[in-house]
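Okay, so here's the structure we're looking at.
In the text below, chain A, chain B and the rest are named by the order of the sequence lines, each starting its count at 1.
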There are 2 protein chains.
Amino acid sequence: MKPPSRPYHHGNLRQELLRAAEAALEARGVQDLSLRELSRELGVSHASPQRHFATKQDLIDALAIMGFERLSSVVGKAAEARGQDFKARLTKAANAYVGFALKHPALFALMFEAKRRPGMRPELRTALMAAFSHVPKILQEGQEAGKIVAGDPHSLALTLGAALHGLVAMSIEGKIRGTSLKAVVPKTVQHVLTGLNTNKT
Amino acid sequence: MKPPSRPYHHGNLRQELLRAAEAALEARGVQDLSLRELSRELGVSHASPQRHFATKQDLIDALAIMGFERLSSVVGKAAEARGQDFKARLTKAANAYVGFALKHPALFALMFEAKRRPGMRPELRTALMAAFSHVPKILQEGQEAGKIVAGDPHSLALTLGAALHGLVAMSIEGKIRGTSLKAVVPKTVQHVLTGLNTNKT
DNA sequence: ACACTATTGTTGACAATGACAACATGCTGT
DNA sequence: ACAGCATGTTGTCATTGTCAACAATAGTGT
């Protein structure tokens, strides 16, 4: 009898499903994400994903959590560049955020789609909040250096974070109004820091 | 023989499909949007939508275009409040933008999802650009009054528009960090206008 | 007034999907 | 060695989107 191409127990199917799902997501979008197609790619039966994810939505949620964890790691590394002034680190963190989004556009969109639904998993909220904890710290350091206006650093960070996120959401294929997003990011950081008014009121 | 409950030709099926689709979208999300379900609700056969929308995706694209047209109308009305200074009009336009998004969260998300796909329909791009044409005009008036820094009003508007859009995308059920988005919007407009730096550099 | 065409309905079929149930294999703990 | 659990399997069902062929009627041209 022909030996099976793989032992009966895959051994790492959950991780492989997540990896294959991310690739399929970026290639074809969430609307064409198919559990059966993923199973065929991995050489398992159509019902085996159900042993790791109770529903298709559970797999999608797991992708979102994974995404926020990655984003947090990427932004955290960029934000901790020692020996640079806070503005340089701020711009680096901003570039890291936008860079992640440009590199994983479908995953990025899915991450924020996942947080909109009722019954959001607590791990998702934890991962999201971790991802957004870096910029407030940098602004707080700027306040301590007398360079940033007074106020709750989280509230100030929200303005900048929202502007960056908005840039990503409003861009098309990495460009906004014909300009590469990567070129727009430092300018946006500058605009938000100095303000659009001609004076300080 | 029993008279049919409706003439053979519906007469307004396309508009009714869009209306029903929008309601279903807000109620259940895009992933549970079903052509057959919409057909049942409207009392027509399962294949009749195909006479108006070649594919399900065409219906979704039509929803996005409709959304941008509505958004443009809402923001345009708010932006044209005569007799008020530019900052008040700016805040009104910002409130209108965020208000629309809070009132139609699923449609709003779908609008920006639609623009991300390759082969975006030209009407979608036209409607999107119309929606984003109002804030640059207000900033230009602010520049003429000497209140806004020099520069391309579209580029400056991008920073503010991105911040607003980012707020929406990052909010959860109309709140951000426990605060109602409507309360955050004027603060964000203020932050972007005056800047986060303690001085003008 | 009528014939023809186009529009927009219909029924039926097919392939694909997600989810579920029942069964199969093998790993782990006692 | 065996029971229990984890994680595979096959098979089934209901639903979906899409397509083809046909049906009804609205609109148009003569």
Side-chain angles (χ1 to χ4, degrees), chain A residues 1-25 27-64 106 110 113-114 117 119 121, chain B residues 1-25 27-64 106 110 113-114 117 119 121:
Chain A
M1 185 229 275
K2 181 171 167 298
S5 59
R6 174 182 53 79
Y8 186 92
H9 273 229
H10 182 284
N12 195 34
L13 187 54
R14 187 176 196 279
Q15 286 308 315
E16 284 299 292
L17 279 168
L18 282 171
R19 182 195 57 74
E22 186 192 349
L25 175 71
R28 300 191 289 274
V30 67
Q31 288 190 20
D32 288 338
L33 196 62
S34 157
L35 294 176
R36 289 197 184 219
E37 181 61 32
L38 295 177
S39 301
R40 282 193 290 272
E41 286 173 23
L42 297 176
V44 293
S45 68
H46 57 269
S48 54
Q50 194 151 8
R51 295 301 179 194
H52 304 276
F53 305 98
T55 63
K56 180 180 179 180
Q57 189 59 57
D58 277 357
L59 170 66
I60 291 173
D61 286 350
L63 280 174
L110 178 149
E113 174 70 23
R117 290 183 311 100
R121 289 172 61 180
Chain B
M1 184 231 273
K2 182 172 168 294
S5 61
R6 173 182 51 78
Y8 185 91
H9 272 230
H10 183 283
N12 195 34
L13 187 54
R14 186 179 197 276
Q15 286 309 313
E16 283 300 294
L17 279 167
L18 283 170
R19 182 194 58 74
E22 187 193 347
L25 175 70
R28 301 192 286 275
V30 66
Q31 288 190 20
D32 287 337
L33 197 61
S34 157
L35 294 176
R36 287 197 184 219
E37 181 61 33
L38 296 178
S39 301
R40 282 193 291 271
E41 286 173 23
L42 296 177
V44 292
S45 67
H46 58 268
S48 54
Q50 194 152 9
R51 296 300 180 193
H52 302 276
F53 304 98
T55 62
K56 182 180 177 180
Q57 189 59 58
D58 278 359
L59 170 66
I60 291 174
D61 286 349
L63 278 175
L110 178 148
E113 176 67 25
R117 291 184 309 100
R121 289 173 61 181

Practice prompt. Remember a base hit wins even if backbone is also touched, and classify B:L59 as base, sugar-phosphate or nothing at under 4.0 Å, heavy atoms.
Written response: nothing
Fill in: Integer-rounded Å distance: C:dA16 C1' and A:K56 NZ
12 Å
Discussion item. Tell me whether A:E37 is salt-bridged to A:R40, with the criterion being a basic N under 4.0 Å from an acidic carboxylate O.
Written reply: yes
Practice prompt. Determine whether any donor atom in the side chain of B:R14 lies under 3.5 Å from an acceptor atom in the base of C:dT8, or the reverse, and answer yes or no.
Written response: no
Worksheet entry | Rounded distance in Å - NE2 (B:H10) to C1' (C:dT8) | 12 Å
Worksheet entry | Integer-rounded Å distance: C:dG9 P and B:L38 CG | 15 Å
Worksheet item: Between A:N12 (CG) and D:dG8 (P), how many Å, whole number?
Response: 10 Å
Response to the item:
Winner on side-chain proximity to A:R51, out of D:dG8, C:dA19, D:dT16, is D:dG8
Worksheet item: Starting at NE2 of B:H52 and ending at C1' of C:dA6, how long is that distance when rounded to a whole Å?
Response: 13 Å
Item to complete: Show the numbers, then the answer: is there a side chain to side chain contact (heavy atoms under 4.5 Å, CB included) between A:L35 and A:Q50?
Response: CA-CA 9 Å; A:L35 294 176; A:Q50 194 151 8; over 6 Å; no
Worksheet item: To the nearest angstrom, how far is B:Q50 atom CD from D:dT16 atom C1'?
Response: 13 Å
Worksheet item: Under 4.0 Å: is that the gap between some side-chain N or O of B:S34 and OP1 or OP2 of D:dG17?
Response: yes
Worksheet item: For B:F53, which of B:L17, B:D61, B:I60 qualifies under side-chain contact (heavy atoms from CB on, under 4.5 Å)?
Response: B:L17
Worksheet item: Do A:Y8 and C:dG26 share a donor-acceptor pair, side chain to base, under 3.5 Å?
Response: no
Practice prompt. Before giving the answer on side chain to side chain contact (heavy atoms under 4.5 Å, CB included), spell out for A:E16 and A:L18 the whole-Å C-alpha distance, their side-chain angles and the decisive distance to 0.1 Å.
Written response: CA-CA 5 Å; A:E16 284 299 292; A:L18 282 171; over 6 Å; no
Item to complete: Determine the contact category for A:S48: base if any of its heavy atoms lies under 4.0 Å from a base atom, sugar-phosphate if only primed atoms, P, OP1 or OP2 are that close, otherwise nothing.
Response: base
Item to complete: Tell me which nucleotide among D:dT7, D:dT9, D:dT18 gets nearest to the side chain of A:A47.
Response: D:dT9
Worksheet entry | Candidate pair B:Q31 and B:L33, rule side chain to side chain contact (heavy atoms under 4.5 Å, CB included), full reasoning | CA-CA 6 Å; B:Q31 288 190 20; B:L33 197 61; over 6 Å; no
Practice prompt. Grab the NE2-C1' distance between B:H46 and D:dT15 for me, whole Å please.
Written response: 12 Å
Practice prompt. Using only side-chain N and O atoms of A:R6, determine if any of them is under 4.0 Å from OP1 or OP2 of D:dT7.
Written response: no
Worksheet item: From D:dC19, D:dA26, C:dC20, pick the nucleotide closest to the side chain of B:H9?
Response: D:dA26
Practice prompt. Find the distance B:D32:CG to C:dA19:P and express it as a whole number of Å.
Written response: 10 Å
